[in-house]
Amino acid sequence: MEQYIIERLTRFTDEELGILHGRNVEKNNYTDSERFVISGAKLLEGAQIDLRPHTRFIDFPEHKHDYMEFMYVFAGRITHVIGGEKITLEEGDLIFLNRHIRHSVCRAEQEDVGINFILSNGFLRAVFPNMQNNAVMNEFLTNNFDDAGEPEYLLFRTKDNFPIRNLTDNLIYAIANHTENLYAELVSLLFSYLAHYRGTLANALRVSSGEAKFKRSVLDYLDRRYTNATLEELAQLIGYSSSYLSRHIRTVFGKTFQSLLQEKRLGAAVKLLRTTSLNIEEIIRLTGYENQAHFYRIFTKAFGLTPRKYRTAQIRNHS
């Protein structure tokens, strides 16, 4: 590894210097969420993939991410706490955390260097087709993409596996030098090597949580009933009051029931625009909208094109 990269990975960050002077973790640097859900958009700032040294000298509080993260222990050791269990990674180990899992990280000292890789959902979807024959990563990524997916992590003991460590070092080098044309190939290769050396997979845990079951109930209802769905009907079906259900949906999804319903209806409209020759008025009716002007307004706001222009653009792109 080039010396300037090692220096970048191991030097004190501004956040760490503040911690050494008595400050706490500045959550506003990571999220706008009260539940401490770290925002990929906040950290990536438009990039598809980046790396970030783990913050040392403090217990990092419990959190989750709105993206898939994996950590590589570059030096020393790092201890995560997941579901009350301590999981210690040694130098060279990897842990993958999907976007549904919550965890905290115990205090790390100066010699403990963990590298967090931040991968946008768009980037992961682009490399996902390369995982079709990769049983380990295919299932993990599928669960990660699922809005009602369950919390899951994969722990790989790769300290003594030169090919995987070499690939991880190459990925660090590529990101540090902004060699973007190599990102997808290196990540795909890393995922493939992890599946090939299956003996390095020390632990894989999927936690069937109450939150995941609640998400599935809401999303299954919207899949079935999006044309006529109401908060009141869903509340009756799952035995909650409407006011409690509204608050709980906002807490768990970070969105209102109406936002989820609108996303589902717009998704259905897009599918019909792309796969059928139905006229726009019929599509509006089939997706549960009664006011055409309202549909045109929210569709254009969401996609930057009117429904008609969107369909024309899709035909042109596939011709």
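What you are looking at is a predicted structure, and each value in this text was computed from that prediction instead of being measured. In this chain, numbering begins with 1 at the start of the sequence shown.
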Is the side chain of [X] donor-acceptor paired with the backbone N or O of [Y] at a distance under 3.5 Å, no angle test?
{"X": "His100", "Y": "Asp146", "value": "yes"}
{"X": "His80", "Y": "Lys86", "value": "no"}
{"X": "Asn24", "Y": "Ile19", "value": "no"}
{"X": "Arg265", "Y": "Thr227", "value": "yes"}

Is there a side-chain contact between [X] and [Y] in this structure, where contact means two heavy atoms from C-beta onward sitting under 4.5 Å apart?
{"X": "His54", "Y": "Ile115", "value": "no"}
{"X": "Val105", "Y": "Thr79", "value": "no"}
{"X": "Arg102", "Y": "Glu62", "value": "yes"}
{"X": "Val25", "Y": "Ile58", "value": "yes"}
{"X": "Phe123", "Y": "Val187", "value": "yes"}
{"X": "Tyr67", "Y": "Ser120", "value": "no"}
{"X": "Lys215", "Y": "Val218", "value": "no"}
{"X": "Pro307", "Y": "Phe295", "value": "yes"}

Residue [X] excluded, over 12 heavy atoms near [atom1] under 6.0 Å:
{"X": "Gln132", "atom1": "CD", "result": "yes"}
{"X": "Tyr4", "atom1": "OH", "result": "yes"}
{"X": "Gln110", "atom1": "CD", "result": "no"}
{"X": "Lys42", "atom1": "NZ", "result": "yes"}
{"X": "Arg165", "atom1": "CZ", "result": "yes"}
{"X": "Asn279", "atom1": "CG", "result": "yes"}
{"X": "Glu111", "atom1": "CD", "result": "yes"}
{"X": "Glu290", "atom1": "CD", "result": "no"}

Exercise for the section: Would you kindly say whether Tyr30 and Glu15 are connected by a side-chain donor-acceptor distance under 3.5 Å? Expected result: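 Yes, because at least one side-chain N or O of Tyr30 sits under 3.5 Å from a partner of the opposite role on Glu15.
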Problem - Under 3.5 Å side-chain donor-acceptor pair for Tyr193 and Asn161 - result: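 Not at all, the side chains of Tyr193 and Asn161 share no donor-acceptor pair under 3.5 Å.
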Could you tell me which non-hydrogen atom of [X] sits nearest to which non-hydrogen atom of [Y], and how far apart they are?
{"X": "Arg224", "Y": "Leu237", "answer": "NH2-CD1, 4.4 Å"}
{"X": "Thr158", "Y": "Thr200", "answer": "CG2-CB, 3.8 Å"}
{"X": "Thr287", "Y": "Ile284", "answer": "OG1-O, 3.3 Å"}
{"X": "Ser241", "Y": "Ala235", "answer": "C-CB, 4.1 Å"}
{"X": "Ala176", "Y": "Arg8", "answer": "CA-NH1, 3.5 Å"}
{"X": "Leu222", "Y": "Lys264", "answer": "O-CG, 3.9 Å"}

Practice task
Determine the sole option in Ile101, Ile118, Ile38 for which the side-chain contact (heavy atoms from CB on, under 4.5 Å) test with His65 is passed.
Solution key: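 With His65 as partner, Ile101, Ile118, Ile38 yield a single side-chain contact (heavy atoms from CB on, under 4.5 Å), made by Ile38.
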Output yes when [X] and [Y] qualify as a salt bridge under the 4.0 Å nitrogen-oxygen rule, no when they do not.
{"X": "Arg225", "Y": "Glu233", "result": "yes"}
{"X": "Arg216", "Y": "Asp147", "result": "no"}
{"X": "Lys159", "Y": "Glu90", "result": "no"}
{"X": "Arg107", "Y": "Asp112", "result": "no"}

Exercise for the section: Verify side-chain hydrogen bond (donor to acceptor under 3.5 Å, both in side chains) between Asn203 and Tyr153, making sure each step is shown before the conclusion. Expected result: CA-CA 8 Å; Asn203 200 3; Tyr153 75 86; 2.8 Å; yes
Problem - Hphob cluster co-occupancy, Leu186 + Met131, side-chain heavy atoms under 4.5 angstrom - result: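 Yes; tracing contacts between hydrophobic side chains, which count when under 4.5 Å, links both residues.
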Problem - In one Ile/Leu/Val/Met/Phe/Trp/Tyr side-chain cluster, 4.5 Å: Leu266, Leu260 - result: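 Different hydrophobic clusters.
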Problem - Where at least one partner belongs to residues 245-255, residue pairs that pass side chain to side chain donor-acceptor pair (under 3.5 Å), sequence neighbours excluded - result: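 As it turns out, the side chain to side chain donor-acceptor pair (under 3.5 Å) pairs with a partner in residues 245-255, which skip direct neighbours, are Lys255-Glu263.
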Handout entry: Validation row, ring centre Phe299 to ring centre Tyr310 under 6.0 Å
Key =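 Yes.
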Practice task
Please confirm whether Phe96 and Phe156 have ring centers closer than 6.0 angstrom.
Solution key: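 Yes, the ring of Phe96 comes within the 6.0 Å limit of the ring of Phe156, centre to centre.
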